[in-house]
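So the structure is just underneath, and the comments pick up after that.
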Amino acid sequence: MTALHFYNSLTRRQEPFHAINPGKVGMYTCGPTVYNFAHIGNFRAYVFEDILRRTLEFAGNKVTQVMNLTDVDDKTIRGAKAGGLALNAFTRPYIEAFFTDLAALNIEPAEVYPPATGHIPEMIALIEALFEKGLAYRSDDGSVYFSISKFPGYGKLAHIDPSQLRSGVRIDQDEYDKEAFADFALWKAWDENDGDVAWDSPWGRGRPGWHLECSAMAIKYLGESFDIHTGGIDNLFPHHENEIAQAEGATGKPFVKTWLHCAHLQVDGQKMSKSLGNFHTLRDLLGKGWKGREIRYVLLGAHYRQPLNFTFEALQAARTALGRIDECFSALEALAGSAVALPGEAPAFAGEALERFAAALADDLNTPEALSALFSLVKTANIALAENILMPAGASAALDAFRRMDSVLGVIAFERPRAENIPEAVLALLGQRGQARADRQWQESDRIRDLLLEMGWVVRDGKDGQTVKKAGR
RNA sequence: GGUGCGAUAGCCAAGCGGUUAGGCACAGGUCUGCAAAACCUCGUAGAGCGGUUCGACUCCGCUUCGCACCUCCA
């Protein structure tokens with residue numbers, strides 16, 4: 001396929017992608033803070049990262065993805081305290097829920113999900129390295145800070161001039177004991193709000209700063225320099241900027257080659273927030289009867305660097321569109337039967353659509369364009385089917401193209417409605433109706449059709465007789 | 001205030017200096033006893049004002065409006 005190109009937040013340009021070790025890609029993804037159920041805005045980022053991962057695999061790479069779990073920070077500590085629970089007892093259900101949710105969206109698992117609380121020694125070692133380089137200092141209360149004025153490259157990702165950082169931002173400096181306003185905590189000294197959440201360190205009891213975990217765990221699992229780091233756009237500053245400062249400050253090597261950031265999801269044109277009542281968790285939507293594949297499809301509908309407006313109209317549109325894909329796929333399956341595609345027999349339209357699809361993804365993960373290519377395959381296949389010009393081998397080749405596309409999109413085979421087992425009673429009624437139709441007893445035929453509908457089965461009269469389908473979806 | 005992004009037909013949403021994006025909805029048609037379903041067909045839209053150009057939705061400038069980040073929200 002065409003060479004992959006990604007927009008790199010660091011250079012602010014679209015660049016050809018070359019893995020440091022050809023064929024093997026190391027990728028770090030900022031994961032959830034496990035103090036609550038993740039919402040669909042969070043999942044936009046995880047689905048985007050899944051598309052990135054699958055596109056890399058589509059292009060023949062072996063991907064090693066690391067996604068951290070932030071299981072210690074202000075919010076988790078606050079939640080544990082409010083619930084009267086130990087920290088890990090508080091976070092565990094949310095970690096489990098997170099994995100359930102990932103599966104519900106057909107997101108491929110990462111290779112490693114390191115929890116912050118499991119990597120305190122690595123973080124302490126990183127702070128020690130920063131002390132050696134003169135980039136860290138200890139304050140009177142025992143906290144440790146990173147001195148951004150001593151790190152020349154600070155601001156290169158966010159393109160921020162550190163000396164400008166103060167303007168317009170509220171200042172509550174007395175909460176901390178820092179030398180410079182923009183310095184950030186590497187280690188936070190224990191205070192009474194932390195309860196029993198504390199680890200020993202050379203600087204006394206306390207807990208790691210939030211930015212530290214990602215640098216420490218990324219280096220541990222992916223090395224001091226690796227290919228790709230992703231996250232939501234909101235993490236670009238300060239979190240990712242600080243990650244670079246910590247990692248490059250300690251190792252002296254370039255931390256990450258390519259940074260990719262996903263734009264936010266909006267709901268009904270506005271930022272998602274609890275006060276506006278437009279805050280949706282994944283489980284809320286599943287509870288309302290929407291399928292994971294439908295939500296996933298909606299999230300693929302816009303380019304990842306553009307804000308995406310989430311609406312229930314979009315979910316309904318996704319349901320209808322997926323239904324069309326399913327119909328086409330099933331019709332091809334029926335025609336293909338057990339036929340195996342032979343070389344040279346693939347219809348040209350399947351290859352063309354797949355090529356367009358691959359080019360769209362290679363062009364900075366253009367999923368809307370990729371979906372357009374998918375639908376061009378649906379349409380041409382439908383026409384070929386209607387005109388009876390498709391041989392079983394051709395149908396099989398078209399199916400292969402769909403499957404290749406779905407290896408990235410993950411919406412066709414996933415949760416595809418299956419042919420239901422038809423109960424005896426329904427079969428019996430169908431038989432009666434068939435007889436009535438043969439006898440041109442339309443009233444009787446319609447009566448049975450209504451009866452079946454009441455039982456939850458929709459009758460479709462086609463060229464080859466009647467078929468039934470579960471109602472509702 | 002600083003930095004960045006955007007404004008596309010009823011809705012959602014892409015590419016592109018001149019050649020059909022696509023999806024949903026609407027409308028027509030095929031099929032059908034009727035209906036449903038399915039399938040096909042169908043939209044010259046590009047915030048406003050200037051400029052560059054043979055030609056601009058696409059490049060440049062200004063205006064208006066919207067969004068995001070600016071110390072721990074994906």
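Lettering follows sequence order; numbering is per chain, from 1.
Taking atom CG on Leu371(A) and atom P on C24(B), their separation rounds to 11 Å, with Å as the unit. Atom OH in Tyr154(A) sits about 11 Å away from atom C1' in C70(B), given to the nearest Å. Taking atom NE2 of His229(A) as the reference point, atom C1' of A74(B) lies 13 Å away to the nearest angstrom. Note: CD (Gln466(A)) to P (A37(B)) measures 17 Å, nearest angstrom. What separates CD of Gln306(A) from C1' of G22(B) is a distance of 17 Å, to the nearest Å. Distance CD (Glu313(A)) to P (G10(B)): 16 Å, rounded to an integer number of Å. Remark: P of C12(B) and CZ of Arg44(A) are 15 Å apart, rounded to the nearest angstrom. Distance Arg356(A) CZ to C16(B) C1': 13 Å, rounded to the nearest Å.
Each of Trp442(A) and Gly231(A) was matched to the nucleotide of RNA chain B holding its nearest heavy atom; the match closer to the 5' end belongs to Trp442(A). When each of Tyr46(A) and Asp363(A) is assigned the nucleotide of RNA chain B with its nearest heavy atom, Asp363(A) is the one assigned upstream, toward the 5' end.
Residue contacts for Leu265(A): at a heavy-atom cut-off of 4.0 Å it reaches a base atom on one of the strands shown. The residue Ala321(A) sits close only to the backbone: its heavy atoms come under 4.0 Å of sugar-phosphate atoms, none of a base. When heavy atoms are screened at a 4.0 angstrom cut-off, Asn382(A) is found touching the sugar-phosphate backbone but no base atom. Nucleic acid contact for Asp446(A): base, since at least one base atom lies under 4.0 Å from a heavy atom of the residue. If you check every strand for non-hydrogen atoms under 4.0 Å, Gln316(A) touches nothing. Counting non-hydrogen atoms under 4.0 angstrom, Arg433(A) reaches a base of the nucleic acid. At the heavy-atom level, His264(A) lies under 4.0 Å from base atoms of the strands shown.
Residue side chain Arg437(A) reaches the base of G33(B) through a donor-acceptor N/O pair under 3.5 Å, judged by distance alone. Side-chain atoms of Ser376(A) and base atoms of G22(B) include no donor and acceptor less than 3.5 Å apart. Not a single donor-acceptor pair, N or O on each side, falls under 3.5 Å between the base of G15(B) and the side chain of Asn366(A). For Asp461(A) and C34(B), a side-chain-to-base donor-acceptor distance below 3.5 Å is present, hydrogens and geometry of angles not being considered. Under 3.5 Å, the side chain of Arg449(A) and the base of C34(B) form at least one donor-acceptor pair of N or O atoms.
Of the residues Ile383(A), Leu354(A), Leu390(A), the one that meets the side chain to side chain contact (heavy atoms under 4.5 Å, CB included) test with Phe349(A) is Leu390(A).
At least one side-chain nitrogen or oxygen of Arg324(A) sits closer than 4.0 Å to the OP1 or OP2 atom of G23(B). Under 4.0 angstrom from either OP1 or OP2 of C73(B) there lies no side-chain N or O belonging to Asn42(A). For G22(B), the OP1/OP2 oxygens have no side-chain nitrogen or oxygen of Lys379(A) closer than 4.0 Å.
The environment of CD in Gln316(A) is crowded: more than 12 heavy-atom neighbours from other residues, nucleotides or ligands sit within 6.0 Å.
Remark: the separation of the P atoms in U19(B) and G55(B) is 15 Å, to the nearest Å. Nucleotides A13(B) and U8(B) are separated by 9 Å at their P atoms, to the nearest Å. With C1' as the reference atom, C70(B) and C62(B) are 26 Å apart, rounded to whole Å. A distance of about 10 Å separates the P atoms of A21(B) and U44(B), rounded to the whole Å. G28(B) and A9(B): their P atoms are spaced 24 Å apart (whole Å). The separation of G48(B) from G43(B), taken at their C1' atoms, amounts to 24 Å, rounded to a whole angstrom. Across C42(B) and C57(B), the matching P atoms stand 23 Å from one another, rounded to whole Å. A45(B) and U58(B) have their C1' atoms separated by 14 Å, given to the nearest Å.
Using Watson-Crick or G-U wobble geometry with both donor-acceptor distances under 3.5 Å, C31(B) finds no partner in any strand shown. Applying the Watson-Crick and G-U wobble criteria (two distances, each under 3.5 Å), U53(B) pairs with nothing in any strand. With a cut-off of 3.5 Å on both pairing distances, U19(B) has no Watson-Crick or G-U wobble partner at all. The partner of C69(B) is G2(B), by the rule that a Watson-Crick or G-U pair needs both atom distances under 3.5 Å. For C26(B), there is no paired base (Watson-Crick or G-U wobble, both distances below 3.5 Å). When Watson-Crick and G-U wobble pairs are counted only if both distances are under 3.5 Å, A7(B) pairs with U64(B). The base-pairing partner of U58(B), taking Watson-Crick or G-U wobble contacts with both distances under 3.5 Å, does not exist among the strands shown. Base pairing analysis places G46(B) opposite nothing; no Watson-Crick or G-U wobble pair with both distances below 3.5 Å involves it.
Relative orientation of the Phe312(A) and Trp290(A) rings is tilted, given thresholds of 30° and 60° on the angle between their planes. Between Tyr297(A) and Phe375(A), the ring planes lie perpendicular to each other; the angle is over 60°, past the 30° to 60° tilted range. Classified by interplanar angle (parallel below 30°, tilted 30° to 60°, perpendicular above 60°), the ring pair Phe310(A)/His280(A) is tilted.
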- Query: Can you check salt bridge (Lys or Arg N to Asp or Glu O under 4.0 Å) on Arg416(A) and Glu333(A), steps first, answer last?
  - Reply: CA-CA 13 Å; Arg416(A) 190 158 76 98; Glu333(A) 278 185 326; 2.8 Å; yes
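Closest approach of Thr91(A) to Val34(A), counting heavy atoms only: CG2-O, 3.6 Å.
Between the side chains of Tyr304(A) and Asp364(A), at least one donor N or O lies within less than 3.5 Å of an accepting N or O.
Here the side chain of Lys75(A) is nearest to one of A74(B), C73(B), G23(B), namely C73(B). Minimum atom distance to the side chain of Glu369(A) is reached by G15(B), of the listed C40(B), G15(B), U3(B). When the nucleotides A38(B), A21(B), C70(B) are ranked by their closest atom to the side chain of Phe237(A), C70(B) comes out on top.
For His303(A) and A14(B), the ring-to-base geometry does not satisfy the stacking test (centroid distance below 5.5 Å, interplanar angle below 30°). Stacking between Phe375(A) and the base of G22(B) is absent under the criterion of ring centres within 5.5 Å and planes under 30 degrees.
Aromatic rings from Phe37(A) and Tyr94(A) are positioned such that their centres are separated by under 6.0 Å.
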